[in-house]
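Quick one: structure below, then a few questions.
Values below: all heavy atoms of this structure, side chains included; hydrogens, waters and symmetry mates excluded. Order of appearance sets the numbers: ligands from 1, and atoms from 1 within every ligand.
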Amino acid sequence: MSTPAGPDDGPRPVDVLTVVSTTQVTPAVRRVTLTGSPEAVAAAGPTLALLVPRVDDPAPRWPEVARDGRIVWPQGSHGVSLRSYTARRQDPATGEVDVDFVLHGDGPAATWAAAAVPGAVLAVASAAPLGDAPAGWLLLAGDETALPAISRVLAAAAPDARGIALLEVAGAAEEQHLAHPPGVELRWLHRGDAAPGEAPLLADAIAALDRPEGEDLFAWVAAESATVRAARADLRRRWGLGRGQHHAIGYWRRGRAMSPAG
Ligand SMILES: Cc1cc2nc3c(=O)[nH]c(=O)nc-3n(C[C@H](O)[C@H](O)[C@H](O)COP(=O)(O)OP(=O)(O)OC[C@H]3O[C@@H](n4cnc5c(N)ncnc54)[C@H](O)[C@@H]3O)c2cc1C
């Protein structure tokens, strides 16, 4: 991360980012544009361990980060929850980071994003890669929470990459513009009245795909955890994908908060 360790090599402070503006991207997705020091912005992504303060707490007590990356929480009540998000865009030149929050109606992060106004703050404890790898043929699959990551994977793909992106959203109003190589098909899947994480759309769509023959493959899947488990098992068994050929990770769990630290 951006802030160097102190002279005693003890825990370092987290990077605090301030809200500049918010945009309603779709009815269920709110983009929060944040700013911070150029170093903090450069380090803030693509995957983020966000520290989200309670909306009714004017003075969150931030944790610190130990040399080994462990988060050192303050004693007692601190009013901060740890959640994973993706920087959809980070631009050290303008000093801005965009994070797209799904307003799923519950939980500290969704609540914070729904209430975010310019001047509000959150913090970044650490960042990590997206887990993708270059390949000639890409299978990308995810729900609304994965669209920021999928947009970055598509933006980083070779112009001649081929493949398919299976994108589960509630309906047409939740579709977003995603720049993509012309050889990668975007296929939007609408779950309609089904609750998020309850429709087997993504797993079924993957199960209906035949393994492309003779291709250098990589599969990237992120959505509700049970969906991802089913997709991962299918891709390993039917497509014979090895560890280096896929990244499949549960981004949220139906009925469960995502972080014990929150
Ligand atoms: C690496 C990574 C990157 C991620 N990137 C993003 C991102 O860019 N944007 C984004 O919106 N999310 C992203 N997520 C998912 C996000 O971390 C979870 O949705 C998280 O649970 C939200 O925290 P919360 O405090 O709002 O809800 P929590 O306190 O974790 O959960 C409260 C309740 O809400 C439910 N819930 C959580 N998420 C959803 C959802 N999406 N739909 C319906 N119900 C839900 C839970 O099942 C639980 O019952 C990412 C996750 C990971 C692991």
Next on the checklist: If only side-chain N and O atoms count, and only distance matters, is there a donor-acceptor pair under 3.5 Å linking Glu175 with His190?
Outcome noted: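 Side-chain D/A pair, His190 to Glu175: present.
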Just distances here: any N/O of Ala109 and N/O of ligand 1 closer than 3.5 Å?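 It does: an N or O of Ala109 is found under 3.5 Å from an N or O of ligand 1.
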inquiry  = Please classify the Phe101 to ligand 1 contact at 4.0 Å (heavy-atom distances, strictly less than): side chain, backbone, both or neither.
reply    =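 For Phe101, the contact with ligand 1 is made by the backbone alone.
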- Item | Heavy-atom nearest option to atom 51 (C) of ligand 1, drawn from Tyr251, Trp252, Tyr85 |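 Selected option, by shortest heavy-atom distance: Tyr251.
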Looking at non-hydrogen atoms alone, which of Glu144, His104, Arg31 comes nearest to atom 37 (C) of ligand 1?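 The residue whose heavy atom sits nearest atom 37 (C) of ligand 1 is His104.
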Geometric N/O contact Pro196 with ligand 1, under 3.5 angstrom:
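Not met; the criterion fails.
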Checklist entry - Pro108 to ligand 1: N or O pair under 3.5 Å? => result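 It does: an N or O of Pro108 is found under 3.5 Å from an N or O of ligand 1.
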*Distance filter under 4.0 Å to Thr47 heavy atoms, resulting ligand 1 atoms*: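 Here the atoms of ligand 1 in question are 1 (C).
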Exercise answer: donor-acceptor pairs, residues 48-57 side-chain atoms, under 3.5 Å, sequence neighbours excluded:
residue	atom	partner	partner atom	Å
Arg54	NE	Asp56	OD1	3.4
Asp57	OD1	Ala59	N	2.9

Exercise for the section: Taking only Lys NZ, Arg NE, NH1 and NH2, and the carboxylate oxygens of Asp or Glu, determine whether Arg162 and Glu215 approach each other closer than 4.0 Å. Expected result: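 Between Glu215 and Arg162 there is a salt bridge, with a charged N closer than 4.0 Å to a carboxylate O.
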Tell me the contacting part of Glu224 for ligand 1: side chain, backbone, both, or neither, using a 4.0 Å heavy-atom threshold, strictly below.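 None of Glu224 does.
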* To do: May I ask you to check whether Pro148 has an N/O atom sitting below 3.5 Å from an N/O atom of ligand 1?
  =>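 Such a contact does not occur with ligand 1.
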Below 3.5 Å, N or O to N or O, backbone or side chain included: is there any such pair between Ile249 and ligand 1?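 Ile249 vs ligand 1: no N/O contact under 3.5 Å.
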